[in-house]
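Since this is a predicted model, take the numbers as computed values, not measurements.
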Amino acid sequence: MAAHDRTGETMPEILAGIGVSSGVGHGPALRLTRAVPEPSESERHDGDAEAHRLQAVTALEETARELAELAERSDGEAQEVLNAQALMARDPALADDVKQRIGTGTTAARAVFEAFTRYRDLPTVADGYLAGRGADVDDVRERVVARLLGVAVPGIPESASRFVLVAHDLTPADTALLTPNQVLAFVIAGGEPTGHAAILARSLGLPAVVACEGCEEIPEGTDLLVDGATGEVVLEPTAETVEANSSPTSARPAVMDESTGPGRTADGHPVPLMANISNPTDLPAALENGAEGIGLYRTESLFLDRISPPDHDEQVAAYRVVMEAFPTSQIVVRPLDLGADNAPDYLQAAVEPNPALGERGLRMMRRVPNLLAGQLAALAEADRSSEAELSIVGPMVTDVDDAAWFAAATAEAGIQRTGALIEVPAAALRAHRIAESVGFFSIGTNDLTQYVCAADRNIAGLSRFQDPWQPAVIDLVAVTTQAARETQLPCGVCGTAVADPLMACVLVGLGATSLSMDASALPLVRTALSRATLEHCRAAARAARAAPHAAEAKRAAREALPGVAELGL
């Protein structure tokens, strides 16, 4: 039976998006809507400005407390953004702006609406930590306004049975509340392969499709079949279609329990599986999920949201916590990857029209070498009292000069193992020469994809180009791993793409010697590798490279790998 949109028009039988978490989900659609009305601009309060100020301040604090509580239940990037949102709701300057507007007769709800709208466009926000996250700012605004208007706070719909969640996008607060007991699959109109919804879906083992144009017109209750591998969403599927595409995703937990210990393929080829972390609070999840080390320690959180950089002792203490958690393992630390879009005020970074192509990573560090020298000195001191294998990887290496400069800086600090983060196409193409200065490569697929496809990661409309399954991205990964083999260097991969079990197998087939990912993705990736031989992985890599486009690359890789049916990949 054909489905109709909310205007009565017949909808296509199949909608297409980008599959970001493999598996098939089938069930009724429920929409997440942001139905908070915009407060009237013409309405005025009753004259008791102080009472309205108190209402606004209370709503701000209740919202901040709620977001902070959600952050405690989250981890990784979602936790960082939720904490940032909580701080935003407690921003004294924003509260003062709200109070001043109320003093002119503006209602509390309208004052909050106007103050947050202005706040979102301030240079310190637009070019700072929340750059490109206007939806997160709006999420806080809508939560506060909803409290002041006495309407439901936006969030996940309630249902007595599981459902397919359809939304424009999901905020970190939304994702923190979701569980597999509620949701069968996600279908998102916006979003991107590296966004909150995609990360959460992969961590929960739920099928998900992002950048699905037209999905917001799907009426609630419409029967949906969601293929998180192909990106197809079938409306009102026939019984035969459901049967043919039924997914054994529910079998994953039992199968995953069978795979423990170090990462390796079915024929015993070792592939160390490590965790990406942003701060020490991520360590418990890494340990719980069996990480064999830290493949990417992003250190920016130590330096952001403060008026001066952390001193030597504070840095040493932070680094030691990580080394003590993995006392005999490899720990790969990425020094400050800062740029105009996330630089703290004390760096006095210039405003740039396109920060992704500007002074960031090593380019920024070469402008302020003392900051890098201080960080390296603290890392070296922490390393002296540890048995862990400390490695330092330089972000945004572009050419041989960058690699040589960074290697010299680490050597001067007394650090022995230096690598290059390959995320710029120029570095991938010249990896043979860069190998002369460093001891290992680490491929960052997030930025590499952005630069290969010239597609800004913050623009949802370019989602199909932000897909690491783009054959051109896979080609550049192959170029890098080949250079690593020929120069006898280890070559790990640490981007979001690694969390996709199918892509993890392809990366091993291309020659990756280790994989690092969000800790929650480790069990499923470990399981997938344990069910594929090295030759299966190589066959999947060849099939993906031969494909004409991203969707076909993923499909071809899946067909080349065993165990797909049982894992629902």
Side-chain angles (χ1 to χ4, degrees), residues 21 30-36 56-91 94-95 112 116 119-120 125 129-130 132-149 151-159 162-163 165 167-183 186 188 190-191 194-206 208 210 276-286 288-289 298 301 304-305 518-521:
S21 182
L30 278 186
R31 289 199 309 273
L32 184 153
T33 58
R34 302 282 170 190
V36 179
V57 170
T58 300
L60 285 165
E61 178 53 34
E62 288 176 350
T63 300
R65 187 164 53 247
E66 176 190 59
L67 290 165
E69 290 171 356
L70 290 172
E72 291 180 1
R73 292 155 52 183
S74 305
D75 54 25
E77 183 183 9
Q79 184 180 65
E80 291 180 26
V81 179
L82 284 163
N83 279 324
Q85 288 181 302
L87 289 173
M88 185 196 315
R90 289 184 169 127
D91 188 325
L94 191 148
V112 167
F116 267 90
Y119 181 90
R120 181 183 58 190
V125 175
Y129 180 75
L130 288 171
R133 299 185 186 273
D136 296 340
V137 179
D138 290 346
D139 178 48
V140 182
R141 180 188 68 190
E142 290 166 354
R143 287 171 177 275
V144 180
V145 169
R147 283 182 164 82
L148 291 168
L149 294 179
V151 301
V153 174
I156 304 303
E158 295 184 2
S159 174
R162 296 173 73 196
F163 54 89
L165 182 65
H168 174 72
D169 203 352
L170 296 180
T171 68
D174 295 328
T175 61
L177 293 171
L178 287 171
T179 70
N181 294 328
Q182 292 176 293
V183 181
F186 302 158
I188 310 297
T194 59
H196 304 305
I199 293 170
L200 178 77
R202 286 191 286 264
S203 69
L204 297 178
L206 291 173
V210 301
N276 297 339
I277 65 171
S278 295
N279 52 61
T281 61
D282 295 333
L283 290 170
E288 180 182 347
N289 285 286
R298 311 178 188 94
S301 62
L304 297 173
D305 298 321
D518 184 84
S520 60

Undergrad: Identify the two heavy atoms, one from Val36 and one from Ala152, that lie closest to each other, and give their separation to 0.1 Å.
TA: CG2-O, 4.3 Å

Undergrad: Assess the residue pair Asn276 and Asp518 against the criterion (side chain to side chain contact (heavy atoms under 4.5 Å, CB included)); give the C-alpha distance rounded to whole Å, side-chain angles, the decisive distance to 0.1 Å, and a yes or no.
TA: CA-CA 5 Å; Asn276 297 339; Asp518 184 84; 5.8 Å; no

Undergrad: Heavy atoms only: give me the nearest Ala167-Leu32 pair and the separation to one decimal.
TA: CB-CB, 3.9 Å

Undergrad: Do Arg65 and Arg90 have side-chain heavy atoms sitting under 4.5 Å apart?
TA: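 Arg65 reaches Arg90 side chain to side chain.
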
Undergrad: Atom OG in Ser159, atom CG in Leu30: separation rounded to 0.5 Å?
TA: 5.0 Å

Undergrad: I need the minimum non-hydrogen distance between Pro154 and Ala146, along with the two atoms involved.
TA: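 Looks like CD-CB, 4.2 Å.
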
Undergrad: Once rounded to the nearest 0.5 Å, what's the spacing between atom CG of Leu67 and atom CZ of Arg143?
TA: 5.5 Å

Undergrad: With side-chain contact (heavy atoms from CB on, under 4.5 Å) as the test, pick out the partner of Gln182 among Leu206, Leu165, Ile156.
TA: Ile156

Undergrad: Can you see which heavy atom on Ala64 is nearest to which on Ala89, and at what distance?
TA: CB-CB, 3.7 Å

Undergrad: Side chain to side chain contact (heavy atoms under 4.5 Å, CB included) for Arg141 and Val137? Distances and angles first, verdict last.
TA: CA-CA 6 Å; Arg141 180 188 68 190; Val137 179; 5.8 Å; no

Undergrad: To the closest 0.5 Å, what do you measure between CG (Leu82) and CD (Glu69)?
TA: 11.5 Å

Undergrad: Could you give the distance from CG (Leu148) to CD (Glu62), rounded to the nearest 0.5 Å?
TA: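 Interatomic distance, Leu148 CG to Glu62 CD, rounded to 0.5 Å: 9.0 Å.
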
